[in-house]
S.K.: 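Sharing a structure with you now.
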There are 2 protein chains.
Amino acid sequence: MKRKVTLKQIAKELDVSISTVSKSLRNSPEISEDTRQKVQAFAKLYNYKPNNIALSLKNKKTKTIGIIIPEIVHHFFATVISGIEQVANENGYNVIVCLSDESFDKEVINMEMLANGSTDGFIMSLSKETEQKKDFHHIQEVINQGMPVVMFDRVTNDVLCDKVIIDDQMAAYEAVDFLVSKGFKKIALVTTVDYVSVGKLRTDGYINALNDHDLPVDDEMIVKIEDIANCASKIEKLLKENKPDAIFAVNELFAVTSIKLATKMGIKVPEDLSIIGFTDGIISQFSTPSITTVSQNGIKMGGRAAKLLIERLEMEEVEEEENEQYRTELIETHLVLRESTSTL
Amino acid sequence: MKRKVTLKQIAKELDVSISTVSKSLRNSPEISEDTRQKVQAFAKLYNYKPNNIALSLKNKKTKTIGIIIPEIVHHFFATVISGIEQVANENGYNVIVCLSDESFDKEVINMEMLANGSTDGFIMSLSKETEQKKDFHHIQEVINQGMPVVMFDRVTNDVLCDKVIIDDQMAAYEAVDFLVSKGFKKIALVTTVDYVSVGKLRTDGYINALNDHDLPVDDEMIVKIEDIANCASKIEKLLKENKPDAIFAVNELFAVTSIKLATKMGIKVPEDLSIIGFTDGIISQFSTPSITTVSQNGIKMGGRAAKLLIERLEMEEVEEEENEQYRTELIETHLVLRESTSTL
DNA sequence: CTGAAAGCGCTTACAG
DNA sequence: CTGAAAGCGCTTACAG
């Protein structure tokens with residue numbers, strides 16, 4: 001068991017001061033070529049690596065990014081982490097991940113815990129409960145303390161900070177517009193309850209698209225699902241009683257569930273019913289039929305979020321802090337055509 | 001912008017020493033009731049929270065766990081992280097995630113980076129490249145420095161440490177045994193190349209099961225896939241030339257790909273061909289037909305791994321370090337019956 | 001009961 | 001060219 005070696009030990013071993021060792025290793029010109037080499041050779045031999053914690057304390061920056069998301073067993077969020085991680089790594093940052101499990105309390109606790117010195121900033125997506133409560137004091141507090149926050153996907157206007165989103169409303173609009181252009185008249189919507197910000201926006205997009213095409217917006221054709229576990233009955237009812245010829249679903253799970261239920265009821269997809277989902281994940285790719293969907297590039301979103309955060313982090317060092325030019329970056333989306341929509 | 005307050009500032013404000021503040025906040029009996037209350041009130045008012053980094057440096061422990069896995073956009077690994085995170089949180093630990101992207105170099109770099117004081121220990125699953133190279137010096141080094149490591153899923157016998165695995169060989173055996181018991185005679189295997197440890201074990205289980213039932217092991221019926229991207233041709237060839245009546249696939253992707261290809265070729269699943277996969281993920285659940293599979297409880301694996309690591313971490317404090325009783329925990333698996341196997 | 005000092009591992013302005 | 005000192009934010013054994 002050879003514990004990690006410290007400057008102190010090297011200094012003692014070489015009979016010089018700690019300062020000399022430190023400077024030698026950082027190639028300070030103050031130090032003579034001779035001792036520098038001696039120290040460096042010794043350090044190499046003992047595989048000296050500076051202690052991150054000590055550096056963090058000294059420099060008052062940790063070079064780590066805190067990520068707080070609702071869940072990780074979720075293709076889109078995993079994808080975003082992956083994007084963050086990549087950019088973070090390229091810039092010498094590490095990533096510490098906390099899950100809120102869609103709970104407000106967990107989100108607050110995690111945020112406060114990480115804010116006590118563990119990270120330089122945050123990248124986050126709101127939990128459903130937080131969106132419902134509209135209580136963002138924990139985020140505001142962190143920002144007030146001078147730690148930058150970047151929100152993505154599930155964001156709020158009530159907090160001023162950098163944001164990375166897609167244009168949910170427009171993307172939904174385009175999906176529905178596509179269906180209309182293909183001649184569908186009875187387009188249903190399977191969406192979330194309204195407090196889920198992205199769900200609400202996608203719902204708005206659906207409504208706008210119908211309006212713009214002078215199609216009626218029928219409440220019977222809009223199914224709002226609170227709890228994913230028992231969404232089946234509502235969708236079945238929609239299918240049976242309202243006989244839509246197309247469905248726009250605001251996520252993969254709603255889309256695949258609709259397909260499965262329709263198929264079970266003898267409704268053929270896409271012959272009798274076309275379906276468009278949202279998020280181009282594993283399910284959309286491997287479902288049978290595969291699902292036409294609005295792609296949402298999580299890797300890119302994560303990467304951008306990390307870039308924004310790091311830029312702000314590095315900027316702060318130079319300029320005086322109050323550069324309140326918060327940016328909201330839009331990641332483009334597009335429709336991925338697959339088998340679940342008929343090409344009449 | 002009100003920056004976080006420190007002991008020093010509180011001390012100054014209250015005109016007492018830093019030690020007194022520190023002790024007051026930790027409810028030391030040394031301090032008079034009076035000053036203790038005064039300090040605590042003030043600290044509360046200013047929302048004082050001790051700085052994690054300073055505590056880490058002082059205590060020589062970070063209360064964070066380093067996780068190094070091949071990828072995160074992967075249902076099983078995401079599931080394991082989720083399990084780790086939960087147990088970690090319950091015990092006051094945070095989790096810092098690094099991805100090796102299946103690359104040996106990235107695995108080494110990440111490990112070394114985190115080992116320089118950022119984490120108290122590691123939970124990891126080997127990258128494919130590492131398994132191929134059989135170079136584990138980075139792991140051994142970390143262990144030699146006194147940091148505990150827990151490996152899961154993709155583990156190696158060449159490193160002594162705690163491990164959490166499933167019995168891959170037995171699980172595969174049981175899956176194939178099930179197929180045999182249902183009367184299938186021409187059971188094919190779609191597996192990985194041999195250097196992937198879990199793939200190899202599952203292959204062994206397949207072979208053993210056939211042997212024990214006096215069924216021939218035919219190399220033509222075994223497809224080893226190196227690169228997931230272009231596995232189609234090999235599976236098509238298998239289907240066309242060898243006409244298996246059942247397939248055991250060592251992961252979800254191979255299973256669903258086999259189903260899709262078979263269906264495209266007019267082979268009906270499960271009527272003409274039964275398929276069993278491995279890992280009960282999103283794909284298995286939402287594929288059509290849904291896939292019979294060997295469940296592999298990632299949440300539980302992650303939870304156990306975290307438990308093992310934390311136990312060792314807390315143990316070290318007391319006993320003298322060389323308690324080299326490394327444990328290997330087996331997580332039970334079972335067959336989840338779904339639509340992809342016919343129930344003759 | 002309170003506080004000065006040492007120390008965790010490092011860096012850097014300053015003296016010599 | 002080298003080293004002592006101060007400091008990052010904290011804790012704790014020790015003096016007073």
Side-chain angles (χ1 to χ4, degrees), chain A residues 3-40 42-43 46-64 113 115-120 145-147 317, chain B residues 3-40 42-43 46-64 113 115-120 145-147 317:
Chain A
R3 288 251 167 220
K4 292 203 83 70
V5 65
T6 66
L7 289 188
K8 199 176 178 179
Q9 289 164 41
I10 297 182
K12 193 171 170 193
E13 214 67 45
L14 258 39
D15 208 33
V16 293
S17 76
I18 295 177
S19 337
T20 302
V21 177
S22 175
K23 287 174 192 158
S24 300
L25 293 176
R26 325 198 96 243
N27 281 314
S28 157
E30 282 186 70
I31 303 295
S32 74
E33 187 59 26
D34 224 40
T35 51
R36 201 197 314 172
Q37 296 217 333
K38 191 178 59 177
V39 171
Q40 293 195 351
F42 191 89
Y46 280 83
N47 192 25
Y48 170 80
K49 295 275 165 50
N51 178 303
N52 294 153
I53 297 291
L55 287 178
S56 294
L57 186 60
K58 180 75 193 165
N59 300 333
K60 291 169 150 272
K61 57 174 115 138
T62 61
K63 285 281 192 174
T64 99
M113 171 171 268
N116 295 324
S118 300
T119 65
D120 295 340
Q145 286 169 4
M147 305 182 75
E317 294 168 23
Chain B
R3 287 253 167 218
K4 291 202 84 69
V5 66
T6 67
L7 288 189
K8 199 175 176 180
Q9 289 163 42
I10 297 183
K12 192 169 168 195
E13 214 66 45
L14 258 36
D15 208 31
V16 291
S17 76
I18 296 176
S19 337
T20 302
V21 177
S22 176
K23 287 174 192 159
S24 300
L25 292 176
R26 325 200 97 243
N27 281 314
S28 158
E30 281 186 73
I31 302 296
S32 74
E33 186 59 25
D34 224 43
T35 51
R36 201 197 315 174
Q37 296 218 332
K38 191 179 60 179
V39 171
Q40 293 196 351
F42 191 90
Y46 281 83
N47 193 24
Y48 171 80
K49 294 278 167 46
N51 179 304
N52 294 153
I53 295 291
L55 287 179
S56 294
L57 185 59
K58 181 76 193 162
N59 300 332
K60 290 171 152 270
K61 58 176 116 133
T62 61
K63 285 281 194 173
T64 99
M113 171 171 268
N116 295 324
S118 301
T119 65
D120 295 339
Q145 287 170 3
M147 304 181 76
E317 296 169 21

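So that the names make sense, note that chain A is the first sequence line, chain B the second, and so on, each numbered from 1.
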S.K.: Quick one: B/Lys61 NZ to D/dC10 P, roughly how many Å, whole number?
M.R.: 18 Å

S.K.: In whole Å, I'd like the distance from the CG atom of B/Asn116 to the C1' atom of C/dG9.
M.R.: 12 Å

S.K.: What distance, rounded to whole Å, do you find between the two C1' atoms, one in D/dC1 and one in C/dG9?
M.R.: 24 Å

S.K.: Is any side-chain nitrogen or oxygen of A/Lys4 closer than 4.0 Å to OP1 or OP2 of C/dG9?
M.R.: no

S.K.: Rounded to whole Å, how long is the line connecting atom CG of B/Leu55 with atom C1' of D/dC8?
M.R.: 13 Å

S.K.: Sub-3.5 Å donor-acceptor pair from the side chain of A/Ser118 to the main-chain atoms of B/Asn52, do we have one?
M.R.: no

S.K.: Determine: side-chain N/O of A/Thr35 to OP1/OP2 of D/dC1, distance under 4.0 Å, yes or no.
M.R.: no

S.K.: Please tell me if the side chains of B/Leu14 and B/Val39 come closer than 4.5 Å, counting only heavy atoms from C-beta onward.
M.R.: yes

S.K.: Under 4.0 Å: is that the gap between some side-chain N or O of A/Arg26 and OP1 or OP2 of C/dT12?
M.R.: yes

S.K.: Checking all strands, does B/Ser22 fall into the base, sugar-phosphate, or nothing category for heavy-atom contacts under 4.0 angstrom?
M.R.: base

S.K.: In whole angstrom, give me the gap between the C1' atoms of D/dA4 and C/dA6.
M.R.: 16 Å

S.K.: Now, which nucleotide makes the Watson-Crick or G-U wobble pair with D/dA13, with each of the two distances under 3.5 Å?
M.R.: none

S.K.: In whole angstrom, give the distance that lies between atom NZ of B/Lys49 and atom C1' of D/dG9.
M.R.: 16 Å

S.K.: Looking only at the side chains, is there a donor atom on one of B/Ser19 and B/Ser22 sitting less than 3.5 Å from an acceptor on the other?
M.R.: no

S.K.: Measure CD1/A/Ile31 against P/C/dA13 and give the value in whole Å, please.
M.R.: 14 Å

S.K.: Assuming nearest nucleotide by heavy-atom distance, tell me which of B/Asp15 and B/Asn59 is located more 5' along DNA chain C.
M.R.: B/Asp15

S.K.: Taking the nucleotide of DNA chain C with the closest heavy atom to each, which residue, B/Leu57 or B/Ile18, is nearer the 5' end?
M.R.: B/Ile18

S.K.: Mapping B/Ile53 and B/Glu30 to their closest nucleotides on DNA chain D, which lands nearer the 5' end?
M.R.: B/Ile53

S.K.: Looking at C/dG7, I'd like to know if its phosphate oxygens (OP1 or OP2) sit under 4.0 Å from a side-chain N or O belonging to A/Lys8.
M.R.: no

S.K.: Checking base pairs now: Watson-Crick or wobble, both atom distances under 3.5 Å. What partners D/dA4?
M.R.: none

S.K.: How do B/Tyr48 and B/Lys23 order along DNA chain D: which one's closest nucleotide is nearer the 5' end?
M.R.: B/Tyr48

S.K.: Pairing donors with acceptors under 3.5 angstrom, does anything connect the side chains of A/Asn116 and B/Lys4?
M.R.: yes

S.K.: Rounded to whole angstroms, how far apart are NZ on A/Lys63 and P on C/dC10?
M.R.: 18 Å

S.K.: Side-chain contact test, heavy atoms from C-beta onward, threshold under 4.5 Å: evaluate it for B/Ile31 versus B/Thr20 and give yes or no.
M.R.: yes

S.K.: What's B/Ser19 touching, base or sugar-phosphate or nothing? Going by heavy atoms closer than 4.0 Å.
M.R.: base

S.K.: Measuring from the side chain of A/Val16 (C-beta onward, heavy atoms only), which nucleotide among D/dG3, D/dC10, C/dC10 has the closest atom?
M.R.: D/dG3

S.K.: Expressed in angstrom and rounded to an integer, what is the separation of A/Arg36 atom CZ from D/dC1 atom P?
M.R.: 9 Å

S.K.: When you check the phosphate oxygens OP1 and OP2 of D/dT2, does a side-chain N or O of A/Ser32 lie under 4.0 Å from one of them?
M.R.: yes

S.K.: Taking B/Glu30 for the side chain and B/Lys23 for the main chain, is one N or O donor matched with an acceptor at less than 3.5 Å?
M.R.: no

S.K.: Indicate, yes or no, whether a donor-acceptor pair under 3.5 Å links the base of C/dG7 to the side chain of B/Lys58.
M.R.: yes

S.K.: Between D/dG3 and A/Thr20, is there an OP1 or OP2 to side-chain N/O distance shorter than 4.0 Å?
M.R.: yes

S.K.: For D/dG9 and A/Lys60 - does any side-chain N or O of the residue sit under 4.0 Å from the phosphate oxygens OP1/OP2?
M.R.: yes

S.K.: If we ignore angles and hydrogens, is there a donor and acceptor under 3.5 Å between the side chains of B/Glu13 and B/Gln9?
M.R.: no

S.K.: In whole angstroms, how far is the P atom of D/dG9 from the NZ atom of B/Lys12?
M.R.: 13 Å

